[in-house]
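Chain letters run A, B, ... following the sequence lines, proteins first, then strands; residues in each count from 1. The analysis underlying the following values was restricted to heavy atoms, covering all of them including side chains, and did not include hydrogens, waters or symmetry mates.
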Protein chains: 2
Amino acid sequence: MNTLSYGLLSLLSLNPQSGYDLMHRIQPFWPAKHSQIYPLLSCLEKEGLVQFETVAQTDKPDKKVYSVTESGRDALRKWLSEPTDAPALRDALMLKIFCISLSNPDAARALIEERAGYYRCKLDIFKEKLETIREKASLEEEDAPVFGSPYFGSYVLVQRALSSSRSDLNWCEWVVSLLPPGKKPETEHL
Amino acid sequence: MNTLSYGLLSLLSLNPQSGYDLMHRIQPFWPAKHSQIYPLLSCLEKEGLVQFETVAQTDKPDKKVYSVTESGRDALRKWLSEPTDAPALRDALMLKIFCISLSNPDAARALIEERAGYYRCKLDIFKEKLETIREKASLEEEDAPVFGSPYFGSYVLVQRALSSSRSDLNWCEWVVSLLPPGKKPETEHL
DNA sequence: CCTGACATGTAACTGGTTACATGATTCC
DNA sequence: GGAATCATGTAACCAGTTACATGTCAGG
């Protein structure tokens, strides 16, 4: 049992879903391709931690909907009580910044702006997700779901994603502000 | 040539150093063990991107000090101009939070507090690193090194590490504040 | 008819971790 | 003499990516 297996089990504890769904939902917290997920689900099924049901769909191809078993929930409870590994972040941009002085201000700006765009995009996605959760949990402005609510986990996770993206975007903008002014950008002509 | 190879090259462009040094310096941005780094350095040396010199030390064992070649610097310049992969974060705590409702408030608090401690520790480490850089670059309070200074990269990287740790720690404290009050902590008896 | 999203799988390969292996030097 | 840090390396294994492979269904 590796971390990804527990992650799949954890997501399934929220609601039964397909491998395809799991792949999309686990991505922001633990990147994984379908080629890794499908075999793990088969394995979890053999171990009796999950079970599945083939569901026919009329508008889309059929799917296998997985759900956790009682034995799976026991495994999760045990996992929750064990010490958590430190997070692992791998970011090529940080490595590029070590040798940024081999570059010039314009190339450096392009490098950071590319990433800033990525964080702006993430911000928009997570803002939408927050709205979806607020609606589902029928929350008033500024309210948070209480511990025990099925939305508590998703809510605190999306809030984290939002504050991380904001913090990272601010950093990008700060770095760009430190760069010496170079060639004027196209927008100046408008 | 994979990202880690470029990362090693990038660090070596700052100053010549040993595989052992590289391992420690690359960790915060790209986790890697010595068993992955040493073979890659041999490989980079065969490709002519780095060269090494065996340096005898009296107080410690001998070491191999690597440095980038002109060909290595060319490879770095080319790498800088290529699009950067999105960062990959893998965090088991986020996965645990999905099924936090299988737990109880006290266990949840312990889970988050463990991580909060981790971020507090990181914060202290990066604060010290910032001071070290400030001294080396002989910077006044609040000043930043200019683009082109050999300290520019390290400075913006440590500032990022600091703001990320602060943001993550704030999130942990916010989550704990949402948890219902459970058994009183030991400190209440003082 | 073709593209794109939905859906599931396997095989080959690369990246990364754990374990094995060795040895110098310092400090207790 | 033993533990801790410094220093380098290899081998076996596990995790993760890329490529191969197939098929359904909707919309242009």
Item checked: Sub-4.0 Å heavy-atom contacts from residues 26-36 of chain A onto DNA chain C, ordered by number -> A:H34, A:S35

Next item on the list: Provide, to the nearest angstrom, the distance between the CG atom belonging to B:D85 and the P atom belonging to D:dT17.
Entry: 11 Å

Under 4.5 Å between any side-chain heavy atoms of [X] and [Y], yes or no?
{"X": "A:I26", "Y": "B:L95", "answer": "yes"}
{"X": "A:V156", "Y": "B:W171", "answer": "yes"}
{"X": "A:L14", "Y": "A:P150", "answer": "no"}

Item checked: Terminal contacting nucleotides, 5' and 3', DNA chain C versus chain A (heavy atom, 4.0 Å) -> C:dC6 to C:dT17

With [X] via side chain to side chain donor-acceptor pair (under 3.5 Å) - residues at least two apart:
{"X": "B:D21", "value": "B:S18"}
{"X": "A:Q17", "value": "A:N15, A:R25"}
{"X": "B:S5", "value": "B:N2"}

Check nucleotides 3-7 of chain D against the protein and report each pair of N or O atoms closer than 3.5 Å, with its distance, or say if there are none.
residue, atom, partner, partner atom, Å
D:dC6, OP2, B:Y20, OH, 3.0
D:dA7, OP1, B:Q57, OE1, 3.4
D:dA7, OP1, B:Q57, NE2, 2.8

Less than 3.5 Å apart, which donor and acceptor atoms pair up between the side chains of residues 33-62 of chain A and the rest of the protein, not counting sequence neighbours?
residue, atom, partner, partner atom, Å
A:S42, OG, A:Y38, O, 3.4
A:Q57, NE2, A:P61, O, 2.6
A:D62, OD1, A:Q57, N, 3.4

Check: Relative to the 5' end of DNA chain D, which residue comes earlier, A:N2 or A:T58, by the nucleotide with the nearest heavy atom?
Finding: A:N2

Checklist line | Comparing B:Y66 and A:T3 on DNA chain D - which has the more 5′ nearest nucleotide | finding: B:Y66

Next item on the list: Return the minimal non-hydrogen interatomic distance between B:K122 and B:S165, and the atom names on each side.
Entry: CB-OG, 3.9 Å

Notebook entry, point to check: Given axes from five pairs at either end, by how many degrees does the helix from C:dC1-D:dG28 to C:dC28-D:dG1 bend, rounded to 10°?
Noted result: 20°

Next item on the list: Examine D:dA15: is either OP1 or OP2 under 4.0 Å from a nitrogen or oxygen in the side chain of B:R90? Give yes or no.
Entry: no

Next item on the list: Might you confirm whether atom CD of B:E128 has over 12 heavy atoms from other residues, nucleotides or ligands at distances under 6.0 Å?
Entry: no

Notebook entry, point to check: In the hydrophobic clustering that connects Ile, Leu, Val, Met, Phe, Trp and Tyr at side-chain heavy-atom distances below 4.5 Å, which members other than A:L89 occupy its cluster, ordered by chain and number?
Noted result: B:L89

Next item on the list: Go through the structure and list residues passing salt bridge (charged side-chain N to carboxylate O under 4.0 Å, His left out) with A:R77, not counting sequence neighbours.
Entry: A:E70, A:D74

Checklist line | Partner residues of A:E113 under the salt bridge (charged side-chain N to carboxylate O under 4.0 Å, His left out) criterion, sequence neighbours left out | finding: A:R120

Item checked: Within residues 118-147 of chain A or reaching into it, pairs that qualify as ring pair (Phe, Tyr, Trp, His ring centres under 6.0 Å) - sequence neighbours excluded -> A:F147-A:F152

